[in-house]
Amino acid sequence: MPHNTQLYSAVPATRWPIIYSAEYNITFIGLEKLHPFDSGKWGKVIGFLQEEKLVTEETLVPAIEAKEEDLLVAHTRRYLNKLKWSYVVATITEIPPLFLLPNFLVQRKVLKPLRFQTGGTIMAGKLAMERGWAINVGGGFHHCSGDRGGGFCAYADITLAIKFLFERVEGVSKATIIDLDAHQGNGHERDFMEDKRVYIMDVYNRHIYPGDHSAKRAIRRKVELDWGTEDKEYLNKVETHVRGALNEERPDIIVYNAGTDILDGDPLGGLSISPQGIVKRDEIVFAVARSQRIPILMVTSGGYQKRTARIIADSILNLHSLGLIGQSAAET
């Protein structure tokens with residue numbers, strides 16, 4: 001029997017399936033500035049959406065922290081115990097000074113925000129099945145697997161969301177991961193290597209981290225990009241392969257990893273996609289999913305420039321303006 005969890009609690013219909021908590025944001029005596037990641041981007045996204053009157057505190061779904069029992073659905077206890085060592089967290093998050101801090105501070109200031117985001121992704125899975133779509137404004141820790149973290153990813157939220165759905169939601173027996181972050185999603189690939197219920201499409205810069213050749217064996221539709229790939233080529237490939245993936249195997253849910261580190265100038269992504277290209281990419285994925293009436297869960301994943309928060313917000317606003325998300329979309 002599945003364990004008792006708060007993460008699948010009922011959500012009032014008055015709240016949109018957009019999940020967020022102020023706990024997502026990492027602010028800790030400036031240490032967050034030692035990683036190129038904008039560790040407050042999630043709150044900025046919500047701020048922009050509130051300025052545009054799309055959401056309010058009353059219409060958002062407040063994320064709940066994933067507890068140890070929740071995390072054990074995908075993680076080994078041995079891995080979770082390793083996170084009690086600050087040097088392990090310093091390595092995973094690529095913030096070396098964390099090694100010097102007592103672990104209770106690392107837990108509270110770094111791992112707790114990531115556990116809230118992980119809870120948000122799990123919650124979004126259930127909401128997507130109920131409403132047709134859901135967006136976790138955080139999450140997308142696609143380098144983490146059940147027994148290994150890395151690349152700022154300490155918890156395997158994508159794996160967890162899918163495993164929760166398989167265990168708890170009737171009628172969910174197949175899932176497709178569409179991973180459009182600039183980096184290969186080696187975490188969920190390792191987790192679902194032998195699981196034929198999960199179809200993985202991954203579009204990434206072939207020259208950058210993690211270069212996990214073993215994990216690539218799990219990718220059913222692999223699209224490797226070169227340095228500096230621009231909008232036209234990129235968007236053509238995305239649309240062609242999203243349609244191809246869903247024609248090849250129709251899932252019960254799509255988990256869409258919508259990293260914005262494909263943006264031109266990103267210090268780690270190495271691609272050259274414009275802000276308008278990112279908005280169009282998300283539109284393509286949602287339009288195909290919604291037209292085929294396949295529930296879609298979006299997570300925001302990587303994005304290493306200060307302007308990415310504005311782009312994520314603009315993309316969500318665009319999805320709403322096109323009727324791809326919203327109360328009416330939730331009812332279709």
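Count residues from 1 along the sequence. Since the structure is predicted, the reported quantities are computational estimates derived from the model, not experimental observations.
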Is it true that [X] and [Y] fall in one hydrophobic cluster, defined by side-chain heavy atoms closer than 4.5 Å?
| X | Y | result |
| --- | --- | --- |
| Ile95 | Leu101 | yes |
| Tyr209 | Phe141 | no |
| Val255 | Val223 | yes |
| Ile294 | Met298 | yes |
| Leu111 | Tyr87 | yes |

- prompt: Roughly how far, to the nearest 0.5 Å, is the CD1 atom of Ile122 from the OG1 atom of Thr5?
  reply: 7.0 Å

Heavy-atom side-chain proximity of [X] to [Y] below 4.5 angstrom:
| X | Y | value |
| --- | --- | --- |
| His320 | Leu54 | yes |
| Glu167 | Val73 | yes |
| Val238 | Thr240 | no |
| Val61 | Met123 | yes |
| Trp133 | Pro17 | yes |
| Leu263 | Ile273 | no |
| Leu180 | Asn257 | no |
| Phe116 | Ser21 | yes |

Nearest heavy-atom neighbours spanning [X] and [Y]:
| X | Y | answer |
| --- | --- | --- |
| Thr121 | Gly139 | OG1-CA, 3.8 Å |
| Ile254 | Ala289 | CD1-CB, 3.6 Å |
| Leu98 | Ala90 | CB-CB, 3.8 Å |
| Cys153 | His143 | SG-N, 3.6 Å |
| Leu271 | Asp226 | CD2-O, 3.5 Å |
| Ile26 | Pro113 | CG1-CB, 3.8 Å |

Under 3.5 Å donor-acceptor, [X] side chain and [Y] backbone:
| X | Y | answer |
| --- | --- | --- |
| Ser301 | Gly259 | no |
| Glu69 | Asn4 | no |
| Asp181 | Gly302 | yes |
| Ser315 | Ile312 | no |
| Arg15 | Pro62 | no |
| Arg290 | Gly132 | yes |

- prompt: Taking it one step at a time, do Val137 and Ile19 satisfy side-chain contact (heavy atoms from CB on, under 4.5 Å)?
  reply: CA-CA 6 Å; Val137 174; Ile19 300 97; over 6 Å; no

task: Just say parallel, tilted or perpendicular for the rings of Tyr256 and Phe286, cut-offs at 30° and 60°.
output: perpendicular

message: Side chains of Tyr24 and Asn136: any donor to acceptor distance under 3.5 Å?
response: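 Yes, because at least one side-chain N or O of Asn136 sits under 3.5 Å from a partner of the opposite role on Tyr24.
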
query: Does any donor atom in the side chain of Thr118 or Asp157 lie under 3.5 Å from an acceptor atom in the other side chain?
result: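 Side chains of Thr118 and Asp157: no pair found under 3.5 Å.
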
Run the salt bridge (charged side-chain N to carboxylate O under 4.0 Å, His left out) test against [X] and tell me which residues pass, sequence neighbours left out.
| X | value |
| --- | --- |
| Arg148 | none |
| Asp264 | none |
| Lys216 | Glu224 |
| Lys126 | Glu130 |

- request: Apply side-chain contact (heavy atoms from CB on, under 4.5 Å) to Gln184 and Lys222, showing your working.
  value: CA-CA 10 Å; Gln184 176 200 353; Lys222 178 172 62 179; over 6 Å; no

task: For a side-chain hydrogen bond (donor to acceptor under 3.5 Å, both in side chains) with Glu65, tell me which candidate from Arg115, Lys112, Gln117, Gln6 qualifies.
output: Arg115

message: Under the criterion side-chain contact (heavy atoms from CB on, under 4.5 Å), I'd like the reasoning laid out for Glu68 against Leu80: C-alpha separation, chi angles, the key distance, then a yes or no.
response: CA-CA 8 Å; Glu68 184 174 58; Leu80 295 180; 4.1 Å; yes

Please list, chain by chain and in numerical order, all residues satisfying side chain to side chain donor-acceptor pair (under 3.5 Å) with [X], sequence neighbours excluded.
| X | answer |
| --- | --- |
| Thr14 | none |
| Asp261 | His183 |
| His3 | Asp70, Arg168 |

Is the [atom1] atom of [X] crowded by more than 12 outside heavy atoms at less than 6.0 Å?
| X | atom1 | answer |
| --- | --- | --- |
| Glu230 | CD | no |
| Asn81 | CG | yes |
| Trp227 | CH2 | yes |

Once ring-ring contact (aromatic ring centres under 6.0 Å, His included) is applied, do any residues pair with [X], and if so which ones, sequence neighbours excluded?
| X | answer |
| --- | --- |
| Tyr155 | none |
| His241 | none |
| Phe192 | none |

- prompt: Is there a side-chain hydrogen bond (donor to acceptor under 3.5 Å, both in side chains) between Asp147 and His75 once you walk through the steps?
  reply: CA-CA 6 Å; Asp147 61 358; His75 287 290; over 6 Å; no

State plainly whether the residues [X] and [Y] are in salt-bridge range, i.e. N to O under 4.0 Å.
| X | Y | value |
| --- | --- | --- |
| Arg221 | Asp202 | no |
| Lys174 | Asp252 | no |
| Glu189 | Arg217 | no |

field: Chi angles and distances behind the salt bridge (charged side-chain N to carboxylate O under 4.0 Å, His left out) call for Lys163, Asp191
entry: CA-CA 10 Å; Lys163 288 194 169 187; Asp191 283 336; 6.0 Å; no

statement: Residue pairs meeting salt bridge (charged side-chain N to carboxylate O under 4.0 Å, His left out), one or both in residues 266-289, sequence neighbours left out, come to Lys280-Glu283

statement: The complete set of salt bridge (charged side-chain N to carboxylate O under 4.0 Å, His left out) pairs with one or both residues in residues 310-322, sequence neighbours excluded, reads Glu52-Arg310, Arg310-Asp314

